[in-house]
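Before any comments, here is the structure.
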Amino acid sequence: MRLLRPWLALLLLALWALSATALADKVPGEPLRRSYDSDQTRAKPGHLALATSPDGELFTGNNEGVLRFNGIDWRLTTLPGRSPARALATGSDGLVYVGGYDTFGRLAPDGQGGLVYEELLDAAGLLGDQRHLGFVYQVIAAEDGIWFRTDERLYFLPGEGGKARHWPLGEDVRSFYLVDGQLLARIEGRGLVRFDPQRGSFELLPGGEALANVPLPAVLSHEDGLLLVARDGLHVASPQGLRRLEGPASRLLDGRRSYTARELDDGTIVVGTLDGELIRFDRDLVVRENLDLGSYAVIELTIDREGGLWVATENDLLRLSLPSRWSLLGDSQDIAGNPQDFEWHDGVLWLATSQGIQRLQPSQDGQPRAERLPWTEYEGYALHSTDAGLLMGVREGLLVLEPGEREPRSLFRHPHHGVYAMLPSRFRPDRLYALSGPNLMLLRLEAGRWQLGQTIPLEGLSLSGIEESAEGELWMGDTRGPVQRWRIDLDTGEVLGRRSYDDAQGLVVNRQFGTSVLRFEGSIRATSGDRSFRLEGDAFVPDLAPPATLVERTNELAVEETPLGDYAYTSRELWHRAPGEQEWQPLYPGGRGLGGYSYLRVGRDGVLRIATWTGLLQYDPAESQAATQPLQLGMELVTARNEQGQQLSLPTRTDAEHPVTVPAGHSLTLRFAMVSMESGAEFRYLLHGVTPGWSEWADRDLFIRALPAGDYALEVQARTGTGRQPAAMTYRFRVLPRWHEQWWVRGLGLLALLGAGVLAALWGVRLRTERFLADNRRLEARIAERTHELEDANRRLAEMATEDALTGVSNRRALENGLRREWYRCLDQRRPLSVLMIDVDHFKSYNDAHGHLEGDVQLRGIAQRLAREHDPQRELLARYGGEEFALLLPGVHLAEATRRAEAIRQAIAASDAGMTVSIGVAGAVPEVQAEPDSLLRRADAALYAAKRAGRNRVATDAG
């Protein structure tokens, strides 16, 4: 039976998904996106063209030139006269061709990892006034060459070095289109035509006159001929003529200011408009999405190697995951408040949010909008779909919307305790548990209608998870104590038994967190603090298997078993195990920046939805997924530097038989390369024989200090923000020995050492007698000298004491030593280092009012609270002086240090100390020319800025 499980599960999943899809329409969400503005590109707003290179890099025609993006860095290549780059295309030779003002050319490698612009006007045979081109509006790449189109002429440069050709154009010629090897154009007043290069003439296509006065943004291949995306809708051109297509997509485009269009990998069509819209529809002319990207016109579209859709607008660049099984419902669908529960019921997506009950219905225009329903004035908590109606838990009670009804029926009302969770019985389909404040309620299904049954007091339980293991047998976690098991008669509501499970039954309860329960693989699991347990027999044992071992915040662990597989999650982590598989894989639907997972459910429509901090994530397995090319990991540059600062460029490729040679005494600077348009690329390395294990994930720059002579292998791994990883690479290099480490030098040195040893032995015999006579005199002198050294050593030990006597934390000397140690460690590893300077507010006034003894007690209390807010294994807390403390944070970026500072400030302010603190934050990646003390000075300056601003606040150094 175990061998049948994987394919059987997949078959059942497919049948279930197909049936669910057939029964319900979809509510499309926003595709996951990332925006790049001038802060990232460091170029003027205004993007005019897009192209991708064979290795996956993105090129953008900009008002300042051509921007090149490798997924991490933006680099600008300027054109002659600082011309804008109006048009781009990638040729069959893999080079990007550019059209600007009075220029066209291509971007060629400069041999040092960069690009240089090569003008092609000479290759086109243009001389004198012929070079006054004006704007080159289009660059079209064909298999046999490149077309350049200006206002007055059309140029063709063959790819094999043949003679360039050009033809005059009239003022009425509009855009050109290269489709299936044909060069088409639209001529105003005439229509859609085919260009004949041999004659230099235009031939009207059958029925092409229908577009004589209709702008035509795009011409695409179609199964029936050519698909024409026009301002008045969609048309198909075939040898029989031109016909307008009917359908929702065509009607939607009629009158829209369509400007550009693109066919995606799944065969769907995307149209961008001058009003900032992005409309996607399939070949059946069904609208899939209608996205509002803002007020800026959509100018150009392209697709990268990873299936991402790039959108160039007048203001910025966007990368959308389209098509994608992941999407987001939120502000764009007018969802009010934070989703707390959601359910697909009767062809509609229902939401219980902090703003009440809402619903989203599928719409033909691809723009579903949430409708807020007037059934509650406050929060909606829980939803559950049944054939007998949709149950809705709200702050005021419990409602049920029965089939065919427009208004819900109230099952339960209470002024203070609404229904915040529901659990259907696994063993009695006609029973359901509802949680309402201090009570557990039983619901009964009678004559096809839900009715309220018995109410059972929870007797002080603060529920954290509830699961049913047998009919009427409930396991409940308690944030205040141990797990409890209740046995309930589902007919009478009588509590038949109640038992607690704590340390005596193997479940070690962390009193700070209490307990929580969940059900997975048919067994009851429990968590308490950072530990997880599994029920075996009548006792709990430690759970040392996934998914409990996968997550960092065990107390937040939740698990859902769905037809799409098993999901384990906390607020910041999401793991998935596919049906029939054993291995768990991390999921990053929107990159590592998206988090806040609070609830997960697969609806009746077969769509997985996850509530997050930013909205409702959707995963639709029926949606197509863009095809991606394998990622490649390599080196962008390798530089060796000697002690005098002289640099030497080294090869970026190597193998086991031909390692790269590194001169003796040279340090190495390496930059890893992985072209990926997915955000959040990270790298880690293992230098075999030098580092004890893999480094932490970090950026792509690595500095290695000068190494001893020998052979080394640097292994590198990379991953994108969504967790995709290329194959690991190994960079092999050989450090040459210094001159005095070579074998012949060492041989001569050994001979010289032996000769010196013989002479020393003879000289030693002579001096032995003299030493014997002088021993007594030196003994007395040495006794006095040792006594003096002992006194000095005791004094140095006293000076090196690192603990502050009053507060028990480290003193200022320990802080200074630790700062220098971590500064140089972070300098070597290119990691950030942050410092918090913490000052107790109005402490002098407290001393004056209560005396110094009470002040000392208060300082010790503050130090103890600060000590609870840091990790003593990796971080250093020290008393800097008086009422001022410092916290050293290695490996912590400035933004995270600021968040930590705010958490510390809030913790002190909320404590029973009765005092507040002001905190100054500074951080940086250490540099060779900087001094460690500069970081303290910057943090101290930020501290005084916080005090001047009114105290009890955090101020961050501006850098």
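Keep in mind that the numbers below use all heavy atoms, side chains included, and drop hydrogens, waters and symmetry copies. In this chain, residues are counted from 1 in sequence order.
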Which residue pairs satisfy the side-chain hydrogen bond (donor to acceptor under 3.5 Å, both in side chains) criterion with at least one member in residues 557-566, sequence neighbours excluded? Asp566-Arg577
Note, Gln484 side chain near Glu459 side chain (heavy atom, < 4.5 Å): no
If you draw a 6.0 Å radius around NE2 in His417, do more than 12 non-hydrogen atoms from other residues or ligands fall strictly inside? yes
For Ser528, give me all partners under side chain to side chain donor-acceptor pair (under 3.5 Å), at least two apart in sequence or on another chain. none
So, Glu468 versus Ser425: side-chain donor-acceptor pair below 3.5 Å or not? yes
Does Ser332 use its side chain to pair, donor to acceptor, with the backbone of Leu329 at less than 3.5 Å? no
Candidate pair Asp538 and Arg499, rule salt bridge (Lys or Arg N to Asp or Glu O under 4.0 Å), full reasoning: CA-CA 11 Å; Asp538 198 38; Arg499 182 181 178 186; 2.4 Å; yes
How long is the gap from CZ on Arg444 to CG on Leu452, to the nearest 0.5 Å? 9.5 Å
Any heavy-atom pair between the side chains of Leu320 and Leu291 that's under 4.5 Å? yes
Are any of the side-chain heavy atoms of Glu902 and Arg899 separated by less than 4.5 Å? no
With Tyr420 via side chain to side chain donor-acceptor pair (under 3.5 Å) - residues at least two apart: none
Only one of Glu289, Glu623, Gln618 passes side-chain hydrogen bond (donor to acceptor under 3.5 Å, both in side chains) with Ser327; say which it is. Gln618
Any salt bridge linking Asp346 with Arg604? Criterion: basic side-chain nitrogen under 4.0 Å from a carboxylate oxygen. no
Heavy-atom donor-acceptor pair, Asn555 side chain to Asp530 backbone, under 3.5 Å: no
Within a reach of under 6.0 Å around CD of Glu696, are more than 12 heavy atoms found that belong to other residues, nucleotides or ligands? no
Calculate, to the nearest 0.5 Å, the distance between atoms CH2 and CG belonging to Trp344 and Leu360 respectively. 9.0 Å
Determine whether more than 12 heavy atoms belonging to other residues, nucleotides or ligands lie under 6.0 Å from atom CZ of Arg874. no
Working for salt bridge (Lys or Arg N to Asp or Glu O under 4.0 Å), residues Arg431 and Asp491: CA-CA 9 Å; Arg431 294 292 188 271; Asp491 293 319; 3.1 Å; yes
Between Leu490 and Tyr433, does a side chain to side chain contact (heavy atoms under 4.5 Å, CB included) hold up when you go through it step by step? CA-CA 10 Å; Leu490 295 186; Tyr433 306 96; 3.4 Å; yes
So, Ser436 side chain and Gly418 main chain: donor-acceptor pair closer than 3.5 Å or not? yes
In short, ring-ring contact (aromatic ring centres under 6.0 Å, His included) pairs touching residues 557-581 with sequence neighbours left out are Tyr567-His576
Has Arg724 got more than 12 heavy atoms of other residues, nucleotides or ligands less than 6.0 Å from its CZ? yes
The test is salt bridge (Lys or Arg N to Asp or Glu O under 4.0 Å); show your working for Arg900 and Glu875 and say whether it passes. CA-CA 12 Å; Arg900 289 278 303 277; Glu875 302 166 355; 2.9 Å; yes
Using 0.5 Å steps for rounding, measure from the CG atom of Leu391 to the CD atom of Glu402. 9.5 Å
Is there a side-chain contact between Pro31 and Ser324, using heavy atoms and a 4.5 Å cut-off? no
When you measure from the side chain of Asp341 to the backbone N and O of Leu383, does any donor-acceptor pair fall under 3.5 Å? yes
Taking the side chain as C-beta and beyond, is there a heavy-atom pair between Tyr588 and Arg719 under 4.5 Å? yes
Using side-chain heavy atoms (C-beta onward) and a distance below 4.5 Å, is Ile357 in contact with Leu399? no
So with a 6.0 Å cut-off around CG of Asp331, is the heavy-atom count from everything else above 12? no
Do Gln333 and Val27 come close enough that some side-chain heavy atom pair is under 4.5 Å? no
The test is side chain to side chain contact (heavy atoms under 4.5 Å, CB included); show your working for Glu536 and Asp543 and say whether it passes. CA-CA 10 Å; Glu536 284 193 2; Asp543 188 1; over 6 Å; no
Dump the intermediate steps for side chain to side chain contact (heavy atoms under 4.5 Å, CB included) on Leu496 and Glu494, then the final yes or no. CA-CA 6 Å; Leu496 304 177; Glu494 179 185 359; 3.8 Å; yes
Point-to-point distance, once rounded to the nearest 0.5 Å, from OG of Ser321 to CG of Leu328: 11.0 Å
Please lay out, stage by stage, how Trp350 and Ser385 fare under the test side-chain hydrogen bond (donor to acceptor under 3.5 Å, both in side chains). CA-CA 10 Å; Trp350 296 81; Ser385 174; over 6 Å; no
Pair Phe412, Leu443 - check side chain to side chain contact (heavy atoms under 4.5 Å, CB included), show working. CA-CA 10 Å; Phe412 164 73; Leu443 272 65; over 6 Å; no
Side chain of Glu573, backbone of Val551: donor and acceptor closer than 3.5 Å? no
Begin from the C-alpha positions of Ser363 and Gln367 and carry the test side-chain hydrogen bond (donor to acceptor under 3.5 Å, both in side chains) through to its verdict. CA-CA 6 Å; Ser363 62; Gln367 290 182 318; over 6 Å; no
side-chain hydrogen bond (donor to acceptor under 3.5 Å, both in side chains) between Arg525 and Ser523, intermediate numbers included: CA-CA 6 Å; Arg525 316 290 176 102; Ser523 66; 2.8 Å; yes
Under the criterion salt bridge (Lys or Arg N to Asp or Glu O under 4.0 Å), I'd like the reasoning laid out for Asp430 against Arg428: C-alpha separation, chi angles, the key distance, then a yes or no. CA-CA 5 Å; Asp430 60 343; Arg428 291 280 298 273; 3.2 Å; yes
Donor-acceptor pair, Glu396 side chain versus Glu377 backbone, under 3.5 Å? yes
More than 12 heavy atoms from other groups under 6.0 Å of CG on Asp503: yes
Measure the CE-CG distance between Met441 and Leu435 for me, rounded to the nearest 0.5 Å. 8.5 Å
Tell me which pairs pass side-chain hydrogen bond (donor to acceptor under 3.5 Å, both in side chains) where either residue lies in residues 506-517, with sequence neighbours left out. Ser464-Ser516
Answer yes or no: is there a donor N or O on one side and an acceptor on the other, between the side chain of Arg372 and the main chain of Gln355, under 3.5 Å? yes
Given 3.5 Å as the limit, does a donor-acceptor pair link the side chain of Arg609 with the main chain of Leu616, or not? no
From Leu373 CG over to Met392 CE, what is the distance, rounded to the nearest 0.5 angstrom? 8.0 Å
Please check this pair: side chain of Glu446 against backbone of Trp450, looking for a donor-acceptor N/O pair closer than 3.5 Å. no
Per the ring-ring contact (aromatic ring centres under 6.0 Å, His included) rule, what does the pair list look like for residues 476-501, sequence neighbours excluded? Trp475-Tyr501, Tyr501-Phe540
